[in-house]
Amino acid sequence: MSEAHKSLNFLEQIVEDDLANGYTREQLRFRFPPEPNGYLHIGHCKAIGISFGLGEKYDAPVNLRFDDTNPAKEEQEYVDAIKEDVSWLGYKWDKVCFSSDYFQQLYDWAVLLIKYGKAYVDSQSSEEMAEQKGTPTQAGVAGPYRDRSVAENLDLFERMKAGEFKEGEHVLRAKIDMEDPNMLMRDPLMYRILHKEHHRTGDAWCIYPMYDWTHGESDYIEQISHSLCSLEFKPHRKLYDWFLDQVYTGKDLRTKQREFARLNLNYTIMSKRKLLRLVEEGVVTGWDDPRMPTISGLRRRGYTPVALRNFVDKVGVAKRENVIDVSLLEFNIREDLNKIATRVMGVLDPVKLVITNYPEGNEEVLEADNNPEDPSAGTRYVPFSRELYIEREDFKEDAGNKYFRLTLGSEVRLKNAYIIKGESVVKDASGTITEIHCTFDPESRSGSGTEASKRTVKGTLHWVSIQHAIKAEVRLYDRLFNNESPDGDPEKDFISFINPDSLKVITGYLEPFMANATVGDSFQFQRLGYFNVDLDSSPQNLVFNRTVGLRDSWAKQKPKQQPEQGQPKPQQQQQASALSTINKLGKKLANLPEEKRLATISDIEKLAGTLTQEEVIGFFGTASKKVGTRMAGIVSLYAFAKAHSKEISNIPGAEEFIQKAKEDKNELLQDVAIR
RNA sequence: UGGCCCAUGGUGUAACUGGCAACACGUCGGUUUUUGGUACCGAAGAGUCUAGGUUCGAGCCCUAGUGGGCCAACCA
C-alpha cells in the first residue's frame with residue numbers, strides 16, 4: 001500500500017523537482033528581502049512563512065536581506081522593526097545582509113557590461129526616455145545615445161560615480177531590446193544619480209543601482225537557490241534571467257525566481273504606501289496601532305506568533321488572486337488563546353447587583369479555575385461580597401425563554417459563586433435601571449459539594465465585587481474599515497471607508513487578581529473575549545486591548561428575532577432535491593463500475609417520475625462532453641415519459657436529444673439512448 | 001493594438017500527476033458544559049468559467065472563447 005500522499009504546494013513541488021534533478025540539499029538557500037521603508041504587515045507574514053518555512057522544512061539557511069537601494073526612503077528605524085518582527089514570529093535567519101553591501105561588486109559588473117556593449121549611458125530626461133519606451137501595446141524606439149562608444153560610456157559612468165553630474169543628468173541603461181513585448185526589457189535603467197545620504201553607506205556613493213539590477217545579482221552573490229516573490233514580479237523574471245546571464249560564471253549555483261500570489265485580507269489594506277498615510281494623517285496612532293494589519297500592530301493587539309503562523313499555514317500558497325476572510329485570522333487567534341489564556345472576570349458595562357439576603361459587611365474568598373482547558377494552570381481566589389457589578393446586558397426585567405440570563409423571578413449562577421434569583425429593580429427618573437436586587441441560595445456555593453451546589457440553572461454570569469474591583473482602561477477595537485475592499489474602489493479614496501467606531505475606550509471593573517498584570521499578558525475576560533495588556537499600561541493605570549471577542553452565537557441569534565418573514569424555504573428545497581440528486585448521480589455515471597452504474601440508473605428512474613417537464617427539458621442543453629449528465633438526462637426523460645404516459649415526440653427537443661446520444665461515440669450513452 | 005499569469009462550494013487551499021471532488025474557515029442543526037466559550041457529532045453548500053477536442057474515462061491534457069489580474073516610476 002502506498003502511504004497517504006502529503007500534498008505539497010507548488011513551490012515545495014518546484015524544490016522537490018529540483019532536488020530530484022540534481023540540486024543537493026546543501027545548495028538549498030532562501031531569502032526574505034524587505035525594503036526597509038516601512039513596517040511589515042500580515043501580507044509579509046505570508047512571504048516570511050513561505051521562505052522561512054521552506055528553510056525549516058529542508059533545514060536550509062534563510063537570509064534576511066534588506067533591499068536598500070533607494071536612500072530617499074529607507075531608514076534604520078525600519079531595519080530594526082523588521083528584525084524584531086521576524087524574530088518575534090519565531091524565525092531564525094542565517095545572515096543579515098544588505099544589498100548596499102554589494103554596491104562595489106554591482107558597480108564592477110556594470111563596468112563589465114559596458115565593456116561588453118551591454119550597457120550604455122543615456123543623457124535624456126526621463127520624459128524623453130519614457131516616450132521612446134513605447135507602451136505595452138506599442139514597441140519602443142532607440143534613443144540618440146544608445147550607440148555611444150564603449151570608451152565614452154566608461155568615461156561618463158566613471159564621472160557619474162565621481163559625482164561630476166547633477167541628479168537626472170545621466171543614467172546607465174542595459175542595452176537589450178526596445179521592441180520586446182515585455183516593457184522591462186526595453187533598455188531598463190541600471191543606475192541613477194542620487195546625491196543622498198544612505199542609511200548605511202553614507203555619502204560613499206552618489207549613484208545607486210535599481211531594483212532589477214540589484215535583486216537578482218544579490219541573490220547570486222548569496223547563492224540563493226530559490227528566490228521567491230509575489231506575482232507582480234513575474235514580468236521581471238525575464239530581466240532577472242537576462243542580468244544573471246551577463247554575470248553567471250557557469251561554475252556555481254544559478255538562482256531562480258518563482259512567484260506566488262500575495263495575501264489579501266478583507267476589511268483592510270495591505271499597501272505600505274497607504275498604511276503610511278494612515279500613520280502620517282493620524283488616523284491611527286502609529287505603525288503599531290492595534291488596528292493596523294502590521295505585525296507590530298497585531299502583536300500589540302494581542303496576536304501571538306503561533307496564531308499568525310497557523311493562519312499563514314491555513315491560507316496556503318498558490319498563484320491566483322485571493323481575498324482571505326478576516327474570520328480565518330480571528331479563528332486562529334482564538335484557537336491559540338483558548339489554550340493558553342488565563343480566565344478572569346471583568347465587567348465592562350456595569351450595573352449594580354445587591355444580594356439582599358447576604359450579610360452586610362460580610363465577604364468571602366472563592367476559588368476559581370485559571371483555565372478549564374489546562375488543569376495545570378491552577379486556581380486563584382476571587383473576593384465576593386454583598387454588592388457586585390454584573391453586565392448590564394445580562395439582565396432583563398422579563399424576557400423570552402431563549403434568554404438564559406437574569407430576569408425578575410429567574411435563577412442564574414454567578415460564576416464560581418452562588419445561584420441567585422432576581423427580585424426587583426431600582427430605577428432613576430429616566431427609567432434606567434440603577435440597581436438590581438436579588439437573593440442568593442447560601443447552600444449553592446460552587447464546589448461546596450452540596451446538593452444545591454449541583455443544581456443546574458440555565459445561565460451563568462460573570463461578576464465582580466464592587467468594593468474589591470480595580471478599574472482599568474479598556475480599548476475596544478473594531479475593524480478599521482467598513483468596506484470589504486477599502487482600496488478596491490477607483491472612485492473613492494480608501495480613507496473614506498474608515499470605520500468611525502473602530503476604537504471605543506471605556507472603563508472596566510476587574511477582579512483584583514488583575515492588579516499584577518504586566519504588558520503583553522493575555523487574558524480571557526470570561527464570556528467577553530480575549531484582552532491583553534497594552535504598552536501604555538502601568539500599575540497605576542492599567543490599559544487593556546480587546547484582541548478579539550469570543551464567538552457569540554447568542555449575538556447572532558438576536559437580530560433574527562425581529563423581522564422574521566414567512567419563508568418558503570422547505571418547499572423550495574424539496575423541489576430542488578429530486579433534480580439536484582439526479583444531477584449529482586448523473587455526473588459520475590460514466591465513470592462508475594458496471595454494477596454500481598446500473599443501480600444508480602435505477603435510482604434515477606425512480607426519482608425522475610417527480611420531475612417537471614421543464615426540469616427534464618433542462619437536460620437537453622447539457623454540454624456534449626458531460627456524458628454522465630447526458631446519460632442521466634436520457635434516463636430521466638424516458639422515466640418521466642413513462643410516469644406521465646407521454647409520448648417522447650410530444651416533448652419539445654426530446655427526439656433530437658436522444659438522437660444525438662445514439663450517435664455519440666460513447667457506448668454507455670448509446671446504450672441508455674437505445675430502447 | 002501586444003505580452004505574461006490566473007479560473008474548483010460564500011472564502012481559501014487540496015485532489016497521490018487522467019480513475020466516485022477532499023480539508024479548513026464560515027453557515028445551519030444537535031450533544032456536553034458553572035463561559036450562549038471550548039470540545040464532540042451531524043447537515044447544507046461545487047455539475048470544477050464557457051464551447052469544442054483527445055481518451056474506455058478529463059477538475060487535471062489540447063484548441064478557441066469569456067472573465068479577472070499584472071506590465072509604460074531615475075520605487076521595490
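Computed from a predicted structure; not experimentally measured. A note on names: the letters A, B, ... follow the listed sequences, proteins ahead of strands, and every chain is numbered from 1. All heavy atoms count here, side chains included; hydrogens, waters and symmetry mates do not.
Using cut-offs of 30° and 60° for the angle between ring planes, the A:F103 and A:H198 rings count as perpendicular.
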With the criterion being N/O to N/O and under 3.5 Å, what pairs connect the protein with nucleotides 22-25 of chain B, and how long is each?
{"residue": "B:C25", "atom": "O2'", "partner": "A:S327", "partner atom": "OG", "Å": "3.3"}

Taking only N/O atoms, report every protein-nucleotides 65-73 of chain B pair under 3.5 Å with atom names and distance.
{"residue": "B:G69", "atom": "O2'", "partner": "A:E321", "partner atom": "OE2", "Å": "3.3"}

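For B:U17, the glycosidic angle deviates from 0 by 90° or less, giving a syn base.
At a threshold of 4.0 angstrom between heavy atoms, the contacts of A:H236 include nucleobase atoms, whether or not backbone atoms are also involved. In this structure, A:V323 reaches the sugar-phosphate backbone alone: every heavy-atom distance under 4.0 Å involves primed, P, OP1 or OP2 atoms, never a base. Among the atoms of the strands shown, only primed sugar atoms or phosphate atoms (P, OP1, OP2) are found under 4.0 Å from some heavy atom of A:T69. A:E35 comes within contact range of the sugar-phosphate backbone alone, with a heavy-atom separation under 4.0 Å but no base atom that close.
Rounded to a whole Å, the CG atom of A:L106 is 12 Å from the P atom of B:A76. The CG atom of A:N332 sits 16 Å away from the P atom of B:G12 (whole-angstrom rounding). For A:F523 and B:G37, the CZ to C1' distance is 18 Å, given to the nearest whole Å. The CE atom of A:M178 sits 20 Å away from the P atom of B:G2 (whole-angstrom rounding). Note: CD (A:E16) to P (B:U17) measures 14 Å, nearest angstrom. In this structure, A:K458 atom NZ and B:U32 atom C1' are separated by 17 Å, rounded to whole Å.
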How would nucleotides 51-63 of chain B be written as a contact map, 5' to 3', with B for base contact, S for sugar-phosphate-only contact and - for no contact, using protein heavy atoms under 4.0 Å? SSSS--S------
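Checked by distance alone, A:Q13 brings a side-chain donor or acceptor within 3.5 Å of a matching partner on the base of B:U17. Taking 3.5 Å as the limit, the base of B:G36 and the side chain of A:R405 contain a donor-acceptor pair of atoms between them. Evaluation of atom-type donor-acceptor distances gives a pair under 3.5 Å for the side chain of A:R413 against the base of B:U34.
Residue A:K415 has its side chain nearest to B:U34 when only B:C4, B:U34, B:G26 are considered. Of all nucleotides listed (B:G12, B:G37, B:C5), B:G37 comes nearest to the side chain of A:R343. With B:G37, B:G12, B:C75 as the choices, the nucleotide that has an atom nearest any side-chain atom of A:E373 turns out to be B:G37. For A:P372, the listed nucleotide lying nearest its side chain is B:G37; candidates were B:G36, B:C28, B:G37. Relative to the side chain of A:F404, the nucleotides B:U38, B:G36, B:A15 differ in distance, and B:G36 lies closest.
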Which nucleotides of RNA chain B pair, in dot-bracket form (Watson-Crick or G-U under 3.5 Å, | meaning another strand): .((((((..((((.....[..)))).(((((.......))))).....(((((..]....))))))))))).....
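Under the rule for a ring pair (Phe, Tyr, Trp, His ring centres under 6.0 Å), the partners of A:F233 that lie at least two apart in sequence or sit in another chain are A:Y211, A:H236. In this structure A:D487 satisfies the side-chain hydrogen bond (donor to acceptor under 3.5 Å, both in side chains) test with no other residue, sequence neighbours excluded. Checked against salt bridge (charged side-chain N to carboxylate O under 4.0 Å, His left out), A:D336 has no partners two or more places apart in sequence or in another chain. Looking at residues two or more places apart in sequence or on another chain, you find a salt bridge (charged side-chain N to carboxylate O under 4.0 Å, His left out) between A:R309 and A:E56. With sequence neighbours excluded, the residues that form a ring pair (Phe, Tyr, Trp, His ring centres under 6.0 Å) with A:H170 are A:F165. Qualifying salt bridge (charged side-chain N to carboxylate O under 4.0 Å, His left out) partners for A:K73, counting only residues two or more places apart in sequence or in other chains: none. Listed by chain and number, the residues in a side-chain hydrogen bond (donor to acceptor under 3.5 Å, both in side chains) with A:D489 amount to none (sequence neighbours excluded).
Side chains of A:Q524 and A:Q526: no donor on one and acceptor on the other come within 3.5 Å. A side-chain donor from one of A:E367 and A:T379 sits under 3.5 Å from a side-chain acceptor of the other. For the residue pair A:N416 / A:S446, no side-chain donor-acceptor distance below 3.5 Å is found, with atom types taken as modelled.
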Evaluation steps, side-chain hydrogen bond (donor to acceptor under 3.5 Å, both in side chains), between A:S227 and A:R31: CA-CA 7 Å; A:S227 180; A:R31 113 263 89 122; 2.9 Å; yes
Could you walk me through whether A:N371 and A:T342 pass side-chain hydrogen bond (donor to acceptor under 3.5 Å, both in side chains), step by step? CA-CA 6 Å; A:N371 186 347; A:T342 296; over 6 Å; no
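Of the residues in residues 42-50 of chain A, not one places a heavy atom less than 4.0 Å from an atom of RNA chain B.
Both stacking criteria are satisfied for A:W554 over the base of B:G36: a centre-to-centre distance under 5.5 angstrom and an angle between ring planes under 30 degrees.
The pair A:E335-A:K314 counts as a salt bridge, with a side-chain nitrogen and a carboxylate oxygen less than 4.0 angstrom apart.
Mapped onto RNA chain B by nearest heavy atom, A:R455 and A:E335 fall at different nucleotides, with A:R455 at the one closer to the 5' end.
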